[in-house]
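Structure first, commentary second.
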Amino acid sequence: MSSQDYDCIVIGAGVQGSFTAYNLAKNNKNTLLLEQFVLPHSRGSSHGQTRIIRKAYDEDYYTHMMEECYQLWTQLEKEANVKLYRRTGLLVMGPEKGDYQVFKSTLERNKVPIVILPREEFSQHIPHVNLSQGNAALVDTTAGVLYADRTLKTVQGQFQKLGGMIKDGQKVIDITPGSVVTVTTVSGMYRAKHLVITAGPWANTLLSHTGLQLPLQVIKINVCYWREKVPGSYNIQHRFPCFIQLESEEAKHHIYGLPSNEYPGLMKLCYHTGPETDPDERDRQTDRGDIDILQRYITRCFPGLVPIPAVVESCMYTVTPDNHFVLDHHPTHSNIVIGAGFSGHGFKFGPIIGKLLCELSQGEVPSYDLSPFRIRRFQAHSKSAL
């Protein structure tokens, strides 16, 4: 079994791991990016054609981070000469007295360009959508669509151009902490002064080798596509925006959607939660309760869609108790850094998370206050074997 030495090893080549490895390589670190599956794959949380990018959030710190994040997305597009983002706007709908007001306040406080849509004018601006009784609506005009699969290919390609090494099909079977960390895979042994773990749904499996377990729950998301009754009704070409329904009659959790674009005549519309699953047995989880919720919502609010999903794909979220990320050093081994628990809203932050995890692994002062993302907030939950 061969053994090789690196400045840093990153485990997990999803969006966060790929951007971390890219940032390390930009900082002239000899970096190895390990991935358990053969790339590209659709087993984790970063695959698929599209994600939403937005500044609309209920916390100021996410909106602040997205300011720089948009610049970093643009920078990568220029560097690689690839289009990764398309501006569509994000329609935010919700009960006037609920989360909607919090989102609106955050956007206004941070001077994000928005358009308020009065109820009496709503259908002129947004055809084929019924605004629920008691709901208000606005558009975050900076928002849009990110091309996910294209992003992964691009950032991994840029990492390799900078001299970075990707080894896929390399499932990690052991991690031995120390001043030099040893990572053992099914076919090799690798050593590095620093390790970053960005393993998505498999984070706790890997952390168990280091004596740490985080309160992470893995859930399966049914990614549903619904047919337009009249082709083009919700099309990206007709300037239909992405949307988020913050609360609804049908559900407590968000419902979100992207304009028809990926599959001709089909609109992506999903429920922002799902049943718990084992990441290695994902496809055995056949619960379709979320699809029932979406069918009722579509029938009521999106009359231009056939309320039977035409395509159902799978994705996984790794969720923390407070739905905020984990970006921190291992509590015992300071040369191990953890990026986990992105809770189904982390993709858009990829460039900034890559930068932050790179900073943490190099012992630099992080560019943002990471107190909302520290492990110590889970002290009541944390099951440490140390």
Side-chain angles (χ1 to χ4, degrees), residues 14-20 22-23 45-80 82-93 103-104 106-107 110-115 137-155 158 200 221 223 234-237 239-246 254-262 267-270 272 315 317 323-325 327 339 342-356 367-368:
V15 66
Q16 316 301 0
S18 297
F19 269 107
T20 302
Y22 163 72
N23 274 277
S45 307
S46 294
H47 61 281
Q49 292 181 59
T50 57
R51 295 292 188 283
I52 294 173
I53 183 169
R54 60 185 163 106
K55 290 181 186 171
Y57 260 96
D58 41 5
E59 288 91 1
D60 285 304
Y61 51 79
Y62 285 127
T63 305
H64 290 163
M65 288 165 79
M66 283 310 301
E67 275 296 323
E68 184 183 356
C69 214
Y70 271 82
Q71 294 165 21
L72 294 174
W73 280 109
T74 303
Q75 196 178 303
L76 180 61
E77 284 186 320
K78 285 179 182 159
E79 204 179 288
V82 175
K83 189 173 174 61
L84 301 174
Y85 157 67
R86 179 167 184 161
R87 187 164 163 171
T88 63
L90 173 78
L91 170 65
V92 179
M93 300 178 285
F103 271 65
K104 180 170 174 275
T106 307
L107 289 164
N110 290 286
K111 299 182 171 52
V112 177
I114 61 170
V115 176
L138 63 80
V139 175
D140 165 0
T141 63
T142 66
V145 174
L146 288 171
Y147 299 117
D149 285 341
R150 194 183 298 173
T151 292
L152 284 185
K153 188 179 173 189
T154 300
V155 74
Q158 293 304 108
I221 302 300
V223 181
Y234 302 97
N235 196 285
I236 203 164
Q237 310 292 352
R239 301 188 57 207
F240 194 82
C242 299
F243 85 89
I244 184 166
Q245 172 74 54
L246 295 173
H254 304 344
I255 292 168
Y256 66 92
L258 295 91
S260 62
N261 180 40
E262 300 175 42
M267 184 179 178
K268 181 176 179 174
L269 203 146
C270 311
H272 194 56
C315 185
Y317 290 177
N323 289 300
H324 301 316
F325 313 151
L327 305 170
F342 293 101
S343 304
H345 66 110
F347 196 99
K348 68 186 84 64
F349 291 94
I352 207 82
I353 286 166
K355 179 181 172 179
L356 287 163
S367 302
Y368 293 84

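In what follows, every heavy atom counts, from backbone to side chain, and hydrogens, waters and symmetry copies are set aside.
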Residue from Tyr57, Tyr61, Phe342 passing ring pair (Phe, Tyr, Trp, His ring centres under 6.0 Å) with Phe349:
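Of the listed options, the one satisfying the test is Tyr57.
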Can you see which heavy atom on [X] is nearest to which on [Y], and at what distance?
X	Y	result
Cys242	Gly144	SG-O, 3.7 Å
Leu138	Leu107	CD1-CD1, 3.8 Å
Pro259	Pro241	CD-O, 3.8 Å
His254	Leu246	ND1-O, 3.0 Å
Gly354	Asn23	C-ND2, 3.4 Å
Leu258	Met267	O-CG, 3.1 Å

Donor-acceptor check, side chain of [X] to backbone of [Y], threshold 3.5 angstrom: yes or no?
X	Y	result
Asn110	Val112	no
Gln16	Gly346	yes
Lys153	Val155	no
Lys355	Leu72	no
Asp140	Arg54	no

request  = Report yes or no: do Tyr317 and His345 form a side-chain donor-acceptor pair below 3.5 Å?
outcome  = no
Enter the distance from [X]:[atom1] to [Y]:[atom2] here, rounded to the nearest 0.5 Å.
X	Y	atom1	atom2	value
Thr20	Ile353	OG1	CD1	8.0 Å
Ile352	Gln71	CD1	CD	8.5 Å
Ile52	Phe243	CD1	CZ	8.0 Å
Gln158	Leu76	CD	CG	6.0 Å
Thr63	Phe103	OG1	CZ	8.5 Å
Thr88	Ile53	OG1	CD1	10.5 Å

Contacts of Phe19 that satisfy ring pair (Phe, Tyr, Trp, His ring centres under 6.0 Å) - sequence neighbours left out: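 Partners of Phe19 by the ring pair (Phe, Tyr, Trp, His ring centres under 6.0 Å) criterion, ordered by chain and then number, come out as Trp73.
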Among Thr151, Thr154, Leu152, the one residue meeting side chain to side chain contact (heavy atoms under 4.5 Å, CB included) with Ser18 |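 Only one of Thr151, Thr154, Leu152 forms a side chain to side chain contact (heavy atoms under 4.5 Å, CB included) with Ser18, namely Leu152.
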Exercise for review: Would you kindly check if the NZ (Lys) or CZ (Arg) of Lys55 is within the cone defined by 45 degrees around the ring axis of Tyr70 and under 6.0 Å from the six-membered ring centre?
Suggested key: yes
task = Assess whether side chain to side chain contact (heavy atoms under 4.5 Å, CB included) is satisfied between Tyr147 and Val82, documenting all intermediate values.
result = CA-CA 10 Å; Tyr147 299 117; Val82 175; over 6 Å; no
task = Test side chain to side chain contact (heavy atoms under 4.5 Å, CB included) on Gln49 and Lys268 and set out the steps.
result = CA-CA 11 Å; Gln49 292 181 59; Lys268 181 176 179 174; over 6 Å; no
Legend entry - Thr106 vs Tyr62 side-chain heavy atoms within contact, under 4.5 Å: no
| message | Is the shortest side-chain heavy-atom distance between Thr74 and Tyr85 below 4.5 Å? | response | no
Contacts of Thr141 meeting side chain to side chain contact (heavy atoms under 4.5 Å, CB included) (sequence neighbours excluded), chain-then-number -> Arg87, Pro113, Val115, Val139
Look at the aromatic rings of Tyr256 and His272 and report parallel, tilted or perpendicular, splitting at 30° and 60°.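 Perpendicular, since the angle between the ring planes exceeds 60°.
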